[in-house]
Amino acid sequence: IWALSAMPGRAPIAQLARLQLRAKYATAKRLIGKALDAAAKREGMTRRDLEEVVVPTFGLAADGSIREQLGEFTAEIRISGSTEAELRFIAPDGKVPKAVPAVVRQGSAEALRTLKRTLKDLQGMLPAQRDRLESALRRALVDPGGLEGAVRGGASSSSSAAMRRS
């Protein structure tokens with residue numbers, strides 16, 4: 001936790017946010033929370049804002065997919081559930097083979113490795129993001145202005161209520 005909090009950049013902060021969602025022990029959660037608070041202060045923003053900013057996009061399009069042309073096949077990584085993503089290949093005729101085509105394995109080995117690494121990273125991050133969103137929704141149930149406040153960058157519930165009235 002200390003090593004991640006001391007590292008420069010936002011990638012370590014993203015890992016801390018992921019750990020925060022996965023931590024089981026109260027002491028670990030408290031230490032991670034302190035590290036995230038310090039990082040947010042260092043970045044000059046609220047902790048909620050920081051957690052939103054460090055969410056990796058993985059190059060996903062609006063439909064939750066990444067497409068890359070590998071020879072005659074189109075490789076596609078797509079989110080297929082709240083915690084799952086898949087890599088598939090689409091032939092020029094639109095058919096989807098069950099396995100990685102030999103042409104892709106041989107002709108685009110490095111690109112295939114990169115796609116598989118992206119898929120693995122995405123699959124690791126999806127459960128953490130699901131948990132983060134569920135937590136935001138739970139906060140909104142307790143404080144109806146909480147979700148809007150989280151979306152608007154931490155606006156208080158009273159200012160959120162004022163926004164809804166106007």
Side-chain angles (χ1 to χ4, degrees), residues 1-69 74-88 111-166:
I1 295 170
W2 180 85
L4 284 172
S5 67
M7 294 172 74
R10 291 192 172 164
I13 298 170
Q15 292 302 319
L16 280 170
R18 184 172 177 220
L19 280 175
Q20 175 76 21
L21 294 170
R22 293 286 185 205
K24 301 287 185 206
Y25 298 106
T27 303
K29 285 184 175 192
R30 184 177 46 77
L31 290 172
I32 295 167
K34 284 183 178 181
L36 286 170
D37 289 340
K41 187 175 182 180
R42 198 171 50 242
E43 295 284 326
M45 57 180 67
T46 68
R47 183 164 154 189
R48 278 188 192 166
D49 288 344
L50 180 68
E51 288 174 352
E52 288 294 321
V53 170
V54 298
V55 173
T57 64
F58 295 99
L60 291 168
D63 67 350
S65 68
I66 301 169
R67 289 182 187 83
E68 188 173 326
Q69 198 65 37
T74 301
E76 179 185 61
I77 295 176
R78 66 182 183 152
I79 297 175
S80 56
S82 64
T83 61
E84 297 178 20
E86 63 184 3
L87 172 61
R88 67 183 192 153
L112 181 60
R113 271 192 294 278
T114 301
L115 283 169
K116 285 183 175 182
R117 190 173 28 245
T118 300
L119 176 65
K120 183 179 178 185
D121 292 345
L122 180 59
Q123 287 173 328
M125 190 57 76
L126 282 172
Q129 294 311 315
R130 181 207 54 210
D131 293 348
R132 183 184 61 81
L133 290 171
E134 286 176 355
S135 175
L137 288 172
R138 278 193 299 274
R139 283 192 307 269
L141 289 174
V142 173
D143 173 17
L147 183 59
E148 187 174 332
V151 171
R152 294 194 184 276
S156 70
S157 59
S158 61
S159 65
S160 296
M163 282 188 244
R164 284 192 298 271
R165 284 192 297 264
S166 52

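Side-chain contact between Leu87 and Thr118 is absent, with no heavy-atom pair separated by less than 4.5 Å. Using a 4.5 Å heavy-atom cutoff, the side chains of Ile32 and Leu4 are not in contact.
Atom NZ of Lys41 sits about 14.5 Å away from atom CZ of Arg47, to the nearest 0.5 Å. With values rounded to the nearest 0.5 angstrom, Ser82 atom OG is found 5.0 Å from Arg130 atom CZ. Taking OG1 from Thr27 and CD1 from Ile1, the interatomic distance works out to 9.5 Å, rounded to the nearest 0.5 Å. Residue Glu84 holds its CD atom at 10.5 Å from CG of Leu119, rounded to the nearest 0.5 Å. Atom CE of Met125 is separated from atom OG1 of Thr57 by 11.0 Å, given to the nearest 0.5 angstrom. Between Arg30 atom CZ and Asp37 atom CG the span is 12.0 Å, to the nearest 0.5 Å.
With Leu16 as the partner, the side chain to side chain contact (heavy atoms under 4.5 Å, CB included) test is satisfied by one option alone out of Val54, Leu36, Leu50: Leu36.
Closest of all the heavy-atom pairs between Gln69 and Thr74 is OE1-OG1, 2.9 Å. Residues Gln20 and Gly33 share a closest heavy-atom pair of OE1-N, 3.3 Å. Shortest non-hydrogen contact noted between Ala23 and Lys29 is O-CE, 2.8 Å. Pairing each heavy atom of Ser5 with each of Arg42, the nearest pair is O-NH2, 3.5 Å. Residues Pro127 and Gln123 come closest through the heavy atom pair CD-O, 3.1 Å.
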Ile79 vs Leu122, test: side-chain contact (heavy atoms from CB on, under 4.5 Å). Steps then yes/no.
CA-CA 9 Å; Ile79 297 175; Leu122 180 59; 4.3 Å; yes
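Pairs engaging residues 111-124 under the salt bridge (charged side-chain N to carboxylate O under 4.0 Å, His left out) rule: Glu110-Arg113 [sequence neighbours left out].
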